[in-house]
Amino acid sequence: MTTVAEKLQQKTKQPVSTRQVRLRLVYLDFWSVVKLSFLIALAGAIVLVVAVALVWMVLDQTGVFDKVDALLRDVLQQKAYSIENEVSLGQVLGFASVLGILDVVIGTVLGAVVSILYNLSVLVTGGLNVGFAND
């Protein structure tokens with residue numbers, strides 16, 4: 001009587017044939033592309049806001065703002081000048097959030113336009129040939 005492990009060993013010893021399949025991509029579903037482009041753009045917007053916050057914190061912790069303040073005090077001849085009074089972390093994050101929202105809207109619209117253009121171009125080109133192999 002053979003065990004399950006022995007049966008699995010016998011199956012792996014047999015030569016595996018590689019089967020290749022060629023398919024043609026002739027249609028992109030509009031709503032699938034819109035959903036995917038929305039999620040990708042949303043992830044990009046989140047990365048943008050987090051990156052801006054991290055860069056601001058690094059610049060603040062390393063004292064870059066203090067050096068810029070000293071330089072601007074010398075140039076502008078003002079004794080009490082601070083760049084953080086002009087542009088605060090909240091303002092920068094607000095601006096980054098607005099850019100993120102624009103990124104989501106524009107990315108989603110571009111995804112929709114690309115799906116429409118691809119579906120129209122299939123009428124002329126016949127689609128995209130894709131090859132797959134089963135290893």
Side-chain angles (χ1 to χ4, degrees):
M1 180 173 216
T2 59
T3 65
V4 174
E6 290 171 346
K7 288 180 182 178
L8 287 175
Q9 275 185 334
Q10 290 173 356
K11 284 186 179 182
T12 58
K13 289 180 184 177
Q14 297 173 355
V16 178
S17 64
T18 302
R19 182 175 173 210
Q20 293 183 354
V21 178
R22 296 193 78 201
L23 300 174
R24 183 176 300 168
L25 181 63
V26 294
Y27 178 73
L28 292 176
D29 183 52
F30 178 78
W31 290 112
S32 296
V33 173
V34 168
K35 289 186 283 188
L36 182 64
S37 62
F38 171 77
L39 290 175
I40 291 171
L42 183 64
I46 291 170
V47 167
L48 173 72
V49 172
V50 170
V52 166
L54 288 175
V55 167
W56 182 277
M57 285 189 274
V58 167
L59 291 177
D60 190 35
Q61 292 295 320
T62 57
V64 171
F65 290 134
D66 296 331
K67 292 180 181 179
V68 171
D69 289 342
L71 176 68
L72 289 176
R73 272 186 238 125
D74 291 340
V75 171
L76 298 175
Q77 299 296 322
Q78 294 181 0
K79 293 183 179 179
Y81 182 82
S82 175
I83 195 167
E84 291 184 42
N85 291 339
E86 303 294 327
V87 182
S88 68
L89 175 61
Q91 290 173 328
V92 171
L93 287 179
F95 184 71
S97 298
V98 169
L99 284 180
I101 291 169
L102 285 174
D103 175 43
V104 169
V105 171
I106 291 171
T108 304
V109 169
L110 282 177
V113 168
V114 165
S115 72
I116 291 170
L117 289 177
Y118 181 80
N119 289 336
L120 289 175
S121 71
V122 166
L123 299 173
V124 176
T125 62
L128 183 67
N129 288 327
V130 181
F132 293 97
N134 186 9
D135 290 333

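Positions are given from 1 along the sequence. On a predicted model such as this, the values are computed, not experimentally measured, just so you know.
Taking both residues in full, the closest heavy atoms of Gln91 and Glu86 are given as OE1-O, 3.1 Å, listed atom of the first, atom of the second, then distance. The two residues Ala112 and Ser115 come nearest to each other via the heavy atoms O-OG, 2.8 Å. Minimum interatomic distance between Ala96 and Val52 (heavy atoms only, all atoms of both residues): CB-CG2, 4.0 Å. Contact record, Thr108 with Val34: CG2-CG1, 3.8 Å, taken as the closest heavy-atom pair. When all heavy atoms of Ala45 and Asp103 are compared, the pair lying nearest together is N-OD2, 3.6 Å.
In this structure, Lys67 NZ and Leu59 CG are separated by 11.5 Å, a value rounded to the nearest 0.5 Å. With rounding to the nearest 0.5 Å, the separation of OG in Ser121 from CD1 in Ile116 is 12.0 Å.
Under the 4.5 Å side-chain heavy-atom criterion for ILVMFWY residues, no single connected hydrophobic cluster contains both Leu54 and Val47. Taken together through direct or relayed side-chain contacts under 4.5 Å among Ile, Leu, Val, Met, Phe, Trp and Tyr, Val50 and Ile101 form parts of separate hydrophobic clusters. When the side chains of ILVMFWY residues are joined at heavy-atom separations under 4.5 Å, either directly or via intervening members, Val26 and Leu123 end up in two distinct hydrophobic clusters. Hydrophobic clustering of Ile, Leu, Val, Met, Phe, Trp and Tyr side chains at less than 4.5 Å, counting indirect connections, keeps Ile106 apart from Phe38. Residues Leu23 and Val122 share a single hydrophobic cluster, defined by chaining ILVMFWY side chains whose heavy atoms lie under 4.5 Å apart.
Inter-residue side-chain proximity for Val33 and Val114 is flagged as unmet; no heavy-atom pair is nearer than 4.5 Å. Contact of the Tyr118 side chain with the Leu128 side chain is registered, since non-hydrogen atoms from C-beta on lie closer than 4.5 Å. Between Leu48 and Leu99 there is a side-chain heavy-atom pair separated by less than 4.5 Å.
Listed by first and then second residue, the ring-ring contact (aromatic ring centres under 6.0 Å, His included) pairs that reach into residues 53-74 are Trp56-Phe65, sequence neighbours excluded. For residues 21-43, the pairs satisfying side-chain hydrogen bond (donor to acceptor under 3.5 Å, both in side chains) are Arg24-Asn129, Asp29-Ser32, with sequence neighbours left out.
Considering Val87, Val49, Val55 in turn, Val87 is the only one that fulfils the side-chain contact (heavy atoms from CB on, under 4.5 Å) rule with Val92.
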